[in-house]
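Below is one structure; the comments refer to it alone.
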There are 2 protein chains.
Amino acid sequence: MPQAGPLQTRNVAAVADGRTRRLTVSDWVEAGFTLLAEEGVKALTLDRLCRRVGVTKGSFYWHFVDLGAYRSALMDAWAALHDTERAQFTAMSDLEPRERLGRMLQVLLGERLWMLERAMREWARSDATAAAAVTAADRRIWRAVRQAYLDAGFTPAEAAVRADATFAIGVGILHLSASVPNTESAEKFLDIMLRH
Amino acid sequence: MPQAGPLQTRNVAAVADGRTRRLTVSDWVEAGFTLLAEEGVKALTLDRLCRRVGVTKGSFYWHFVDLGAYRSALMDAWAALHDTERAQFTAMSDLEPRERLGRMLQVLLGERLWMLERAMREWARSDATAAAAVTAADRRIWRAVRQAYLDAGFTPAEAAVRADATFAIGVGILHLSASVPNTESAEKFLDIMLRH
DNA sequence: ACCTGAACACCGTTCAAGT
DNA sequence: ACCTGAACACCGTTCAAGT
């Protein structure tokens, strides 16, 4: 799909060897994630990427058909990352709803992820594929959030409204944060939303 | 400050005349707003702008020192726009808190404004001046929102938390919307937040 | 199979020259 | 004072040539 060259045939040891080993798609993806997490969307330029990976532009174009395809690869990796999050969420089903919601917010707004989240949502505005991936991921998380409210004893209708609000809050905090988001006010918000 | 050329000396009739009249800074700003509102940040390119205004690039560079300065001008105009909004908000102080909050959300998410809001917040991430303007505007609106909760009988602490949440919701909806935001779920959310 | 290096196209920017 | 048109720099993209 997005890749041009090798379909990830050999995924051997990706550790820091001297200089010998050749690049794989995931090396580029990893570099892109770091760049995004550290400096945001605008830092994701061909030159910056190649400099970081230590190779010339031509190499990039052997691995990817163009920057758009590269972003698609980033999206795919991000979606996979999101799936592991979801696994965490469903594994939480034994926790109290309140505790569960608090953890969800913390995962979403945590360290490295929130910058990626922002980047994805920014691309989603101009790219249909990105938009689809974000929507799909959102729906899954929304369900987990609603389930928490259902478990807290709300009717389906009440739970849905609260899930909408909680979700919007999360995204809102994501965008309002200049640096790393603080989850403190989000916690207080949950207290209100969980009141009957 | 941002402008290079004329400091808006003659603001005469800006209506559609044949082709004779010369351009003013606000003509460029108006064109930029329309472009942003219709197609978002990515459409704001030099070529698109010049095509829309019907003039060559050189003309642009007589009015503005560069694209950055032009965006500053857009920011200034946006801030002014925001001030008239705030005037609306303070004029609302006789309305019921619930009604007032509903109107505020509708103004923020209404037709032309929400796309501009998004654009400004996107720039604010990479530009310090933009960030300052957005922060200042946000603080004013936040106060108006908190005042509504105070008038609804909440303690200062309670009102502050609710203002935080309401504000985050607004921004969240802004970014979650693919097309024009629907204010329906926001209304239901207000019902919850106003409960004692 | 994977990468280099040079060439091209596009778009933001400059500037001498026009009215 | 305000605008044109040509030139330049930068960055994404292509591709023939290397190992």
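Proteins get letters first, then strands, A, B, ... in listed order; numbering begins at 1 in each.
- Protein atom CG of L46(B) is 15 Å distant from nucleotide atom C1' of dG5(D), rounded to whole Å.
- Base pairing of dA17(D): no nucleotide in any strand meets the Watson-Crick or G-U wobble criterion (both distances under 3.5 Å).
- Taking the six-membered ring wherever Trp is involved, the centroid distance between the rings of H196(B) and F154(B) falls below 6.0 Å.
- Closest contact between the side chain of T45(B) and the listed nucleotides dA1(C), dG12(C), dT13(C) involves dG12(C).
- Side-chain contact annotation: H82(B) with E117(B), donor-acceptor N/O pair under 3.5 Å present.
- The distance from atom CG of L49(B) to atom C1' of dC11(C) is 13 Å, rounded to the nearest whole Å.
- One finds a salt bridge joining R98(A) and E187(A) here, because a Lys/Arg side-chain nitrogen approaches an Asp/Glu carboxylate oxygen to under 4.0 Å.
- Under the Watson-Crick and G-U wobble criteria, each requiring two contacts below 3.5 Å, nucleotide dC3(D) is left unpaired.
- For the pair R140(B) and E85(B), the salt-bridge criterion is not met [side-chain N within less than 4.0 Å of a carboxylate O].
- In this structure, Y61(B) reaches the dT13(C) phosphate: one of its side-chain N or O atoms is under 4.0 Å from OP1 or OP2.
- Comment: D164(B) does not engage R146(B) in a salt bridge, judged by the lack of any side-chain N to carboxylate O separation of less than 4.0 angstrom.
- If you check dC2(D), dT4(D), dC3(C) against the side chain of V55(A), the one that comes closest is dC3(C).
- Rounded to an integer number of Å, the gap from CZ of F60(A) to P of dT4(C) is 14 Å.
- Residue R22(B) contributes atom CZ, which lies 12 Å from atom C1' of dT4(D) at whole-angstrom precision.
- Looking at K57(B), its side chain has no donor and acceptor atom pair within 3.5 Å of the base of dG5(D).
- Rounded to whole angstrom, the span from the CG atom of D47(A) across to the P atom of dT13(D) amounts to 12 Å.
- Note on H63(A): every side-chain N or O is 4.0 Å or more away from OP1 and OP2 of dA1(C).
- Comparing L67(A) and W28(B) along DNA chain D, the residue whose closest nucleotide (by nearest heavy atom) sits nearer the 5' end is W28(B).
- Across the strands present, dA9(D) finds no partner; the criterion is a Watson-Crick or G-U wobble pair with both atom distances under 3.5 angstrom.
- In this structure, Y70(A) atom OH and dT13(D) atom P are separated by 13 Å, rounded to whole Å.
- In this structure, F64(B) places its CZ atom 15 Å from P of dG12(C), rounding to the nearest Å.
- Distance, L44(A) CG to dC11(D) P: 14 Å, rounded to whole Å.
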